[in-house]
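As structure tokens, the structure follows; a few thoughts come after it.
Along the sequence shown, the residues carry numbers beginning at 1. Start at 1 and go down the list; that is how both ligands and their atoms are numbered.
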Amino acid sequence: MWRRVASLSSSISSSFLAQTASRLNTWESLTTGIAQQAKGVIAPKEKTPFITFFLGGPGSGKGTQCIKIVETFGFAHLSAGDLLRREIASKSADGAMILNTIKEGKIVPSQVTVKLIQKEMELSDNHKFLIDGFPRTEENRVSFERIIGVEPNVVLFFDCPEEEMVKRVLNRNEGRVDDNLETIKKRLTVFQALSLPVINYYSERGKLYTIKAIGTEDEIFEQVRPIFAAFEAIPLNTRWNWYISALVVVIDMS
Ligand SMILES: Nc1ncnc2c1ncn2[C@@H]1O[C@H](COP(=O)(O)OP(=O)(O)OP(=O)(O)O)[C@@H](O)[C@H]1O
Ligand SMILES: O=c1ccn([C@@H]2O[C@H](COP(=O)(O)O)[C@@H](O)[C@H]2O)c(=O)[nH]1
Ligand SMILES: [Mg+2]
């Protein structure tokens with residue numbers, strides 16, 4: 001259906017098309033969510049989940065902007081890194097393995113991370129999830145889709161120069177075991193090799209919103225705000241809403 005609408009005119013800007021495709025994908029993923037609920041994979045909730053994946057290199061400013069997104073748009077913030085650090089602090093069975101993996105700048109096995117995210121989603125009363133720093137690898141992505149049974153509605157990517165990311169991480173001063181030059185270099189290599197393919201995957205599906213993550217925190221948020229504001233403006237709870245927004249697109253184009 002969305003492909004038919006999208007092919008009506010080649011003169012529409014690609015960003016507009018990407019936005020439209022994304023809205024239509026929202027419908028696709030909502031119906032997938034409903035199907036998964038029917039199969040009992042995820043607990044039925046009053047509203048279908050709206051999922052944002054927030055990706056970007058170490059120190060690109062994801063966590064900082066999550067605070068603003070939560071304040072403004074009321075998402076539940078799930079930082080994969082924070083969930084893993086909580087496992088270390090609680091000395092859980094996986095704690096020692098997670099600590100070593102983080103010190104090495106490597107990626108924790110998907111099943112461990114996805115289970116932690118799943119638990120938080122199930123415990124939350126919210127239906128809007130801002131999943132920060134995940135999926136880090138294609139295997140993470142596939143594992144999330146298989147276990148949770150839904151795809152993201154929006155994927156945000158913070159594009160930041162390496163020099164700036166290194167500077168920010170070294171100044172962070174939060175006592176993180178991975179905030180040292182040796183681990184940062186490893187994390188940057190892992191990001192390039194394993195996380196960029198995930199970003200490319202979502203770009204090809206028209207779900208990716210890339211932000212140049214340099215400037216002040218407020219300047220960056222002013223680039224982030226319209227992305228979520230657009231989704232707030234058009235609630236997609238029903239098929240009719242969907243058709244209406246598609247119609248608006250067609251009228252806009254003519
Ligand atoms: N726009 C900005 N300009 C300068 N410093 C910033 C900016 N945004 C965030 N910072 C600072 O950079 C550091 C890293 O930011 P943050 O923790 O939000 O990054 P992150 O993407 O979550 O990193 P990680 O993936 O390592 O968790 C923090 O000390 C934060 O205060
Ligand atoms: O999905 C994930 C997220 C994180 N990790 C590990 O944790 C650190 C820190 O993550 P931040 O998002 O920067 O807080 C990361 O370098 C990985 O080692 C992970 O394995 N999987
Ligand atoms: Mg962070």
Side-chain angles (χ1 to χ4, degrees), residues 51-71 77-89 94-121 129-145 147-148 152 155-196 198-199 211-224:
I51 293 173
T52 298
F53 286 156
F54 196 169
L55 305 175
S60 57
K62 302 180 294 297
T64 305
Q65 294 294 324
C66 279
I67 297 169
K68 293 175 184 288
I69 298 168
V70 166
E71 275 172 12
H77 175 210
L78 307 188
S79 156
D82 285 351
L83 293 176
L84 293 169
R85 282 184 284 274
R86 200 169 75 187
E87 287 299 288
I88 299 171
D94 289 322
M97 175 276 291
I98 295 172
L99 176 61
N100 285 332
T101 310
I102 289 182
K103 275 185 185 165
E104 284 302 310
K106 292 183 179 162
I107 305 299
V108 171
S110 297
Q111 201 183 332
V112 173
T113 316
V114 175
K115 289 283 175 203
L116 292 173
I117 294 172
Q118 182 182 37
K119 204 165 136 201
E120 289 302 302
M121 289 176 74
F129 298 101
L130 183 56
I131 303 183
D132 166 11
F134 180 92
R136 298 286 243 256
T137 65
E138 275 290 283
E139 200 223 339
N140 274 178
R141 177 184 70 71
V142 172
S143 179
F144 181 91
E145 283 173 15
I147 296 173
I148 310 291
V155 180
L156 207 55
F157 166 45
F158 266 20
D159 187 12
C160 191
E162 284 199 1
E163 251 183 43
E164 177 68 18
M165 292 195 278
V166 172
K167 197 172 83 186
R168 288 183 191 175
V169 168
L170 292 179
N171 286 332
R172 182 155 43 189
N173 214 10
E174 287 177 5
R176 279 177 51 164
V177 292
D178 52 349
D179 280 356
N180 58 77
L181 194 54
E182 196 188 335
T183 312
I184 295 162
K185 282 182 184 165
K186 291 178 184 167
R187 294 180 69 198
L188 287 170
T189 306
V190 166
F191 178 74
Q192 292 283 336
L194 303 180
S195 305
L196 280 184
V198 180
I199 289 159
I211 304 284
K212 289 271 172 220
I214 33 177
T216 67
E217 292 174 17
D218 286 345
E219 282 167 351
I220 294 168
F221 186 63
E222 287 317 311
Q223 295 181 67
V224 170

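- An N or O contact shorter than 3.5 Å is missing between Asp132 and ligand 1 by distance.
- Nearest protein neighbour of atom 20 (P) of ligand 1, counting heavy atoms only, is Lys62 N, 3.5 Å.
- Checking only distances, Phe134 never comes within under 3.5 Å of ligand 2, N or O to N or O.
- Set against the non-hydrogen atoms of Gly133, the atoms of ligand 2 under 4.0 Å away are 1 (O), 2 (C), 3 (C).
- Annotation for ligand 2: atoms under 4.0 Å from non-hydrogen atoms of Ile107 are 20 (O).
- When heavy-atom distances to ligand 1 are checked against a 4.0 Å cut-off, Gln65 has no atom that comes that close, whether in backbone or side chain.
- Ligand 2 lies out of reach of Glu104, whose nearest heavy atom is not under 4.0 Å from it.
- In terms of N/O distances under 3.5 Å, ligand 2 is approached by Arg176.
- Listed by number with element, the atoms of ligand 1 under 4.0 angstrom from any heavy atom of Arg187 are 24 (P), 25 (O), 26 (O).
- Annotation for Cys160 and Ile214: closest pair SG-CG2, 4.4 Å, computed over non-hydrogen atoms.
- Close approach of ligand 2 to Ala80 (heavy-atom distance below 4.0 Å) involves ligand atoms 1 (O), 2 (C), 3 (C).
- Residue Thr113 touches ligand 2 through its side chain alone, judged by heavy-atom distances below 4.0 Å.
- Numbered from 1 in the order shown, with element, the atoms of ligand 1 that lie under 4.0 Å from a heavy atom of Ile220 read 1 (N).
- Closest heavy-atom approach to atom 10 (O) of ligand 2 among the candidates Lys103, Lys186, Arg136: Arg136.
- For Arg85 and Glu174, the salt-bridge test fails: no basic side-chain N is under 4.0 Å from an acidic carboxylate O.
- Listed by number with element, the atoms of ligand 2 under 4.0 Å from a non-hydrogen atom of Val108 are 19 (C), 20 (O).
- What sits closest to atom 4 (C) of ligand 1 on the protein, heavy atoms only, is Arg168 NE, 3.7 Å.
- Glu164 meets the salt bridge (Lys or Arg N to Asp or Glu O under 4.0 Å) test with Lys167, Arg168; sequence neighbours excluded.
- The heavy-atom pair separating Ile220 from Gly215 by the smallest distance is CD1-O, 3.7 Å.
- Checked against a 3.5 angstrom limit, the closest N/O atoms of Thr64 and ligand 1 fall inside it.
- Across Lys212 and Gln223, no two heavy atoms sit closer than the pair O-NE2, 3.3 Å.
- The closest approach between Lys62 and ligand 2 stays at or above 4.0 Å for every heavy atom of the residue.
- Between Phe134 and Leu83 the shortest side-chain heavy-atom distance does not fall below 4.5 Å.
- Close approach to Arg85 involves these atoms of ligand 2, each under 4.0 Å from a residue heavy atom: 9 (C), 14 (O).
- Residue contacts with ligand 2 for Val190 are absent, since no atom lies close enough (heavy atoms, distance under 4.0 Å).
- For the pair Leu156/Ile69, a side-chain contact is recorded, criterion being any heavy-atom separation below 4.5 Å from C-beta on.
- The N/O atoms of Lys106, backbone and side chain alike, include one that comes under 3.5 Å of an N/O atom in ligand 2.
- Note that NZ of Lys103 is 10.5 Å distant from CG of Asn180, once rounded to the nearest 0.5 Å.
- Residues Ser143 and Val114 come closest through the heavy atom pair OG-CG2, 3.6 Å.
- In this structure, atom 16 (O) of ligand 2 lies nearest to the protein heavy atom Arg187 NE, 3.1 Å.
- Which of Leu84, Asp82, Asn140, Ile117 comes nearest to atom 6 (C) of ligand 2 through a heavy atom is settled by distance: it is Leu84.
- Not a single N or O atom of Pro58, backbone or side chain, sits closer than 3.5 Å to an N or O atom of ligand 1.
- Protein heavy atom at the shortest distance from atom 19 (O) of ligand 1 is Gly61 N, 3.2 Å.
- Listed here is the closest heavy atom pair of Arg141 and Pro135: N-CB, 3.5 Å.
- Ligand 1 has no N or O atom lying under 3.5 Å from any N or O atom of Arg85, backbone or side chain.
- For the pair Ser79 and ligand 2, the shortest N or O to N or O distance does not fall below 3.5 Å.
- A salt bridge does not link Lys68 with Glu71: none of the charged nitrogens is closer than 4.0 Å to a carboxylate oxygen.
- Residue, atom and distance of the protein heavy atom nearest to atom 23 (O) of ligand 1 are Gly59 N, 2.9 Å.
- If you number the atoms of ligand 1 from 1 as listed, the ones under 4.0 Å from a heavy atom of Thr216 come out as 1 (N).
- With sequence neighbours left out, Phe158 forms a ring pair (Phe, Tyr, Trp, His ring centres under 6.0 Å) with Phe54.
- Residue Ile102 approaches ligand 2 through these ligand atoms, each under 4.0 Å from one of its heavy atoms: 6 (C), 7 (O), 8 (C), 18 (O).
- Residue Arg172 holds the heavy atom nearest to atom 17 (O) of ligand 1 of all those in Arg176, Arg172, Glu219.
- Scanning all protein heavy atoms for the shortest distance to atom 1 (N) of ligand 1 gives Gly215 O, 2.9 Å.
- Around atom 22 (O) of ligand 1, the closest heavy atom drawn from Ser60, Gly133, Gly57, Gly63 belongs to Gly63.
- Contact detail for Ser110 and Asn140: the closest heavy-atom pair is OG-ND2, 2.9 Å.
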